[in-house]
Every structure is written in C-alpha cells, then in structure tokens.
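Naming convention: chains lettered A, B, ... in sequence-line order (proteins, then strands); numbering from 1 in each chain. Quick note: numbers below take in every heavy atom, side chains included, and nothing from hydrogens, waters or symmetry partners.
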Amino acid sequence: EIVMTQSPATLSVSPGERATLSCRASQSVSSQLAWYQQRPGQAPRLLIYGASTRATDIPARFSGSGSETEFTLTISSLQSDDFAVYYCQQYNNWPRTFGQGTKVEIK
Amino acid sequence: QMQLVESGGGVVQPGKSLRLSCAASGFIFRTYGMHWVRQAPGKGLEWVAVIYYDGNKKIYADSVKGRFTISRDNSKNTLSLEMNSLRAEDTAVYYCATGNWYFDLWGRGTLVTVSS
C-alpha cells in the first residue's frame, strides 16, 4: 500500500497570508493525486485532482503542484472559510490512501 | 443538484451486523464507480471499498475484507454496505462518495457506533 505523509500536522496562518501544505507518497503516484478540504462537522470536498487541476467552483486562490512523490497545495491568501483540515489522496493504486491531514488554523 | 444521502447508521454491539444505504440523485448513477470512506472520531479518512459502475468489480480495504460487502442497484440509484462481525474499531462516520478515480462528490455521512 502507498503511504501518504502530510506536513506539517498543524499550520497556523493569519488571514490574508499564504499557506503551503506538503504531501509525500512512499512511491510514485504519477500525477494521480487529489486534495480535499474538510470543515468541522462537514463532509470532505474535492479541491484539486490530477495534482494541479481545480475542481468545479473552487476559487483560484487554491493551487496544486508536484508529481511522482512530492506534492504541494498552496492557498494564496487565506480567507475565513479556508480554516479547515486538508487531506491529500492518491488514486494511482489500490487501496486508495489518504494522508493524515493538515489542520490550517487561525494564527 | 447532485446529491448523495446516507442512512442506516446507529449503535450496534460487537459481532453484530448493520446495513448502510446511500441514495444518489442528480447524476447518471450507473456510469460512476461508488465508494465507501470512513472517518473514526477525531481521526483521518480511510477508504473502505469500491464497486465499479456496472457492479462487476469490487475491491476492499484489508481492514474490512471478508466482513463487509458493497453492492449497488442501478435501477434504484442506490449503494449499500453490508457490515458483518462488527468491531469497536469500525466505529466511524461512513461516507459514500462517487468517482471513477478520485472522489468528486460526498454524502454527509452516517455514524456507526460499535459498543456493548
């Protein structure tokens, strides 16, 4: 199974600042990488697929990059709605696996 | 609009069974793979199982293999998860999600608590 490791576990950021989240795969997943946002008490929501393609209705301040084993999610200017937990997930192999999540909190 | 609604969660004793359902609407259900993903209280996401669009292929996480069975009824736009021999570690919110690769759309989840 492919192990996905996210860092940091918690990121403290002030509104309006940039947040950079990392995700590493234990073996290459090509560009078969998705990012999800989960707000408290809500279901996850797809943000990014194909490592860098924004899902429908996702604001341009969210961007993804990377390939093979190293990936990054960048939120260019944090809004109040963006304080949440973010998960990466690989879909190159079965079983599908998620990172443990990065919590973005208000500084 | 596109929607998934789970039902069937509740409190169940260890070793017992429970059946979850997911009702889909707003999209062509029969063309999409369907998944169950779970989240233990305060923990991260764990993929559980997938059933391909036509029901002919099913894949399970090792943690549930042999105990859980995923199925679908394309005539009724419904997805099911039959859970047998439940354990305390199966306690989680269970989400159904659609997608042939990643998970495009998620339901709001249904809570399963395994406790005596």
Is there a path of hydrophobic side-chain contacts, each under 4.5 Å between heavy atoms of I, L, V, M, F, W or Y residues, that connects A:F98 with A:V3? no
The interface call for B:V93 against chain A, heavy-atom contacts under 4.5 Å, is neither
If one checks every heavy atom of A:A34 against chain B at 4.5 Å, the contacting part turns out to be side chain
Find the N and O donor-acceptor pairs between chain A and chain B that sit under 3.5 Å apart.
| from | atom 1 | to | atom 2 | distance (Å) |
| --- | --- | --- | --- | --- |
| A:Y36 | OH | B:F103 | N | 2.9 |
| A:Q38 | OE1 | B:Q39 | NE2 | 2.9 |
| A:Q38 | NE2 | B:Q39 | OE1 | 2.9 |
| A:Q38 | NE2 | B:Y95 | OH | 3.3 |
| A:Y87 | OH | B:Q39 | NE2 | 3.3 |

Shortest non-hydrogen pair, B:L4 vs B:L105, comes out as CD1-O, 3.5 Å
Given side chains that start at C-beta, do those of B:L45 and A:P44 come closer than 4.5 Å, heavy atoms only?
yes
One should read off an interatomic distance between A:E70 CD and A:S28 OG, to the nearest 0.5 angstrom, of 11.0 Å
Are the side chains of A:I2 and A:S26 in contact, using a 4.5 Å heavy-atom criterion? yes
* Any side-chain heavy atom of B:I70 within less than 4.5 Å of one from B:L79? -> yes
Residues pairing under side chain to side chain donor-acceptor pair (under 3.5 Å) where one sits in residues 71-85 of chain A, two or more places apart or in two chains, turn out to be A:R61-A:D82
